[in-house]
Amino acid sequence: MLQSKLQDPMVQADWLYEHLNDPSIVILDCRFILGQPDLGRAEYDAGHIPGAVYISLESDLSGQKTEQGHGGRHPLPNIATMEALFSRIGIDQHTTVVAYDGDDLAMAARLWWMLRYVGHERVYVLDGGYAAWNRATYPTSTEILHRKSRSFTANVQSDMLLTKNEVVQRESSTPLLDSRAPERYRGEMEPLDPKAGHIPGAKCFFYKYTLQADGTLQTKEQLQNHFGELLQQEQIIVYCGSGVTACVNLLALMRAGRPDAKLYGGSWSDWSSYPDSPVATGDE
């Protein structure tokens, strides 16, 4: 019943407050700060939406990195690991999931994308995150909730995820969206990965340009204007630094009417780990 009422990947704070005690809803707190891996958990412990369970980007939403860096800085966990995680926190086919974070939707969007990748469509992101909840002066809690486990079985949507070779072999007309900040796209700086620049042919679509000033996602009409003619292309591919912030663009593309856009999971951190990968700099 909830699914039929929600035709958008976002939910608002007032909707979540009204459904706060619904036993079919699992709320996931995804707050995380790159470079400060313990801060998100500390913020959760200090106060969170009542009933929320904490999920960490590094320990829950990322798999093991390789020594060579192939696969990226935040590779996806394997399917068995995802099934175990989602089962442990009480998700099954009857569950509606609402994820939130504390900053720019990126961590919540990563969780949203992962659940859709393993076949769970009843997943949404809290628009504006924890800040929107606090602006509405809704209650918070410090209680640590342990949900009863359920049985989650993956139904992998393999067409949502692309490898480096598939990006290389894409049609020349296929839009490739780089979600990183413009200065990283142009190669003027690179604080994290082995090379500076972008994948040749990519266009800069910084993920934060899809957000309003208050951290909420832009409207459908605004996003359709933002993405423009590329929405008419047969295929759209999105990447970022490590497959996390690109998920905000995927969230925005879904609101704009393109739920079929694909993620290059390893993103720039995977691409730049190969010495022979071509690199472009400047604007294209």
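What you see is a predicted model; the values in this text were computed from it and never measured.
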Taking every non-hydrogen atom, the tightest pair across Leu253 and Ala261
CD1-CB, 3.7 Å
For the CE atom of Met254 and the CG atom of Asp8, what is their distance to the nearest 0.5 Å?
8.0 Å
Could you check whether atom CD of Glu171 has more than 12 heavy atoms from other residues, nucleotides or ligands sitting under 6.0 Å from it?
no
Asp260 and Asp159, any side-chain heavy atoms less than 4.5 Å apart:
no
Using modelled atom types only, decide if a donor and an acceptor are shared between the side chain of Tyr54 and the backbone of Arg31 within a distance under 3.5 Å.
yes
CD1 on Ile25 to CH2 on Trp15, rounded to 0.5 Å
4.0 Å
Does the side chain of Val118 come within less than 4.5 Å of Glu83's, by heavy atoms?
no
Taking the side chain as every heavy atom from C-beta outward, state whether Ser272 and Val279 have any pair of such atoms under 4.5 Å apart.
no
Hey, any chance Leu161 and Val168 share a hydrophobic cluster, counting ILVMFWY side chains that come within less than 4.5 Å of each other, even indirectly?
no
Find out if a path of hydrophobic residues (ILVMFWY) with successive side-chain heavy-atom gaps under 4.5 Å connects Leu105 to Tyr117.
yes
Checking Glu190 side chain against Leu192 main chain: does a donor-acceptor pair fall under 3.5 Å?
yes
Minimum side-chain heavy-atom gap Phe152-Leu115 below 4.5 Å:
yes
Looking only at atom types and distance, does a side-chain atom of Tyr185 sit under 3.5 Å from a main-chain N or O of Ala202, one as donor and one as acceptor?
yes
Within 45° cone and under 6.0 Å: Arg258 NZ/CZ vs Phe227 ring:
no
Between Ser141 (side chain only) and Pro50 (backbone N and O only), is there a donor and an acceptor less than 3.5 Å apart?
no
Could you check Arg184 against Asp178 for salt bridge (charged side-chain N to carboxylate O under 4.0 Å, His left out), going step by step and ending with a plain yes or no?
CA-CA 10 Å; Arg184 291 184 69 191; Asp178 187 318; over 6 Å; no
Give a yes-or-no answer on whether the side chains of Asn249 and Ser179 include a donor-acceptor pair shorter than 3.5 Å.
yes
Closest non-hydrogen atom pair, Gly215 against Leu211:
O-CD2, 4.1 Å
Under 4.5 Å between side-chain heavy atoms, counting indirect links through other Ile/Leu/Val/Met/Phe/Trp/Tyr residues: same cluster for Ile33 and Val244 or not?
no
Supply the atom-to-atom distance Glu58 CD to Leu34 CG, rounded to the nearest 0.5 angstrom.
7.5 Å
Just how far is it from atom OG of Ser149 to atom CD1 of Ile91, taken to the nearest 0.5 Å?
12.0 Å
Heavy atoms, side chains only, cut-off 4.5 Å: are Leu177 and Tyr207 in contact?
no
Checking Arg180, Arg186, Glu284 against His198 for side-chain hydrogen bond (donor to acceptor under 3.5 Å, both in side chains), the one that qualifies is Glu284
Step through the shown structure and confirm whether more than 12 heavy atoms of other residues, nucleotides or ligands are within 6.0 Å of NZ on Lys195.
yes
Once rounded to the nearest 0.5 Å, what's the spacing between atom CG of Asp22 and atom OG1 of Thr95?
10.0 Å
Ser62 side-chain N/O to Leu57 backbone N/O, donor-acceptor pair under 3.5 Å
yes
When every non-hydrogen atom of Pro9 is compared with those of Trp112, the smallest separation belongs to CB-NE1, 4.0 Å
Check the surroundings of atom CD in Gln64: do more than 12 heavy atoms from other residues, nucleotides or ligands lie under 6.0 Å from it?
no
Atom pair CG (Leu126) and CH2 (Trp133), whose distance is rounded to the nearest 0.5 Å:
7.5 Å
Donor-acceptor under 3.5 Å (Gln222 side chain, Thr219 main chain):
yes
Residue pair Gln212, Gln218: steps toward the side chain to side chain contact (heavy atoms under 4.5 Å, CB included) verdict:
CA-CA 6 Å; Gln212 312 270 21; Gln218 290 183 353; 4.1 Å; yes
Show the numbers, then the answer: is there a side chain to side chain contact (heavy atoms under 4.5 Å, CB included) between Ser273 and Gln68?
CA-CA 7 Å; Ser273 71; Gln68 301 83 5; 5.9 Å; no
Test side chain to side chain contact (heavy atoms under 4.5 Å, CB included) on Leu223 and Leu217 and set out the steps.
CA-CA 9 Å; Leu223 292 170; Leu217 195 64; 4.1 Å; yes
Quick check: closest heavy atoms across Pro278 and Pro200, and the distance to 0.1 Å?
O-CD, 3.4 Å
Nearest atoms (heavy-atom pairs only) where Glu121 meets Arg116
OE1-NE, 3.9 Å
Kindly check if the number of other-residue, nucleotide or ligand heavy atoms within 6.0 Å of OH (Tyr17) is above 12?
no
Tell me if a side-chain donor or acceptor on His74 pairs with a main-chain N or O of Leu61 at a distance below 3.5 Å.
no
Applying side-chain hydrogen bond (donor to acceptor under 3.5 Å, both in side chains) to Thr163 and Asn165, what does each step give before you reach the verdict?
CA-CA 5 Å; Thr163 64; Asn165 285 340; 5.4 Å; no
With side chains defined as the heavy atoms from C-beta onward, is the minimum distance between Arg73 and Asp193 less than 4.5 Å?
yes
Do Asp214 and Thr216 have a side chain donor and acceptor closer than 3.5 Å?
yes
Treat each ILVMFWY residue as a node, draw an edge where side-chain heavy atoms are under 4.5 Å apart, and state whether Tyr209 and Phe205 are in one component.
yes
Electrostatic pair Asp60-Arg88, nearest N-O below 4.0 angstrom
yes
Just say parallel, tilted or perpendicular for the rings of Tyr44 and His48, cut-offs at 30° and 60°.
parallel
Beyond-backbone contact of Leu250 with Leu263, side-chain heavy atoms, under 4.5 angstrom
yes
Quick one: closest heavy-atom pair of Met107 and Cys30, and the distance?
CB-O, 3.1 Å
Give a yes or no on whether the backbone of Val248 and the side-chain of Trp113 come within a donor-acceptor separation of less than 3.5 Å.
no
Check: Asp270 main-chain N/O paired with Tyr264 side-chain donor or acceptor under 3.5 Å
no
In Leu28, Thr153, Leu111, the residue satisfying side chain to side chain contact (heavy atoms under 4.5 Å, CB included) with Phe86 is Leu111
Linked, directly or transitively: Leu85 and Val125 (ILVMFWY side chains, under 4.5 Å):
yes
Name all residues meeting the salt bridge (Lys or Arg N to Asp or Glu O under 4.0 Å) criterion together with Asp92; count only those two or more places apart in sequence or in a different chain, and write none if there are none.
Arg150
Going through the distances and angles, do Tyr130 and Thr140 end up as a side chain to side chain contact (heavy atoms under 4.5 Å, CB included)?
CA-CA 10 Å; Tyr130 194 58; Thr140 61; 3.2 Å; yes
Should the pair Arg110-Asp101 be classified as a salt bridge under the 4.0 Å nitrogen-to-oxygen rule?
no
Between Asp38 and Arg41, is any pair of side-chain heavy atoms under 4.5 Å apart?
no
Distance-only, no hydrogens or angles: does the Trp271 side chain make a donor-acceptor pair with backbone N or O of Gly241 under 3.5 Å?
no
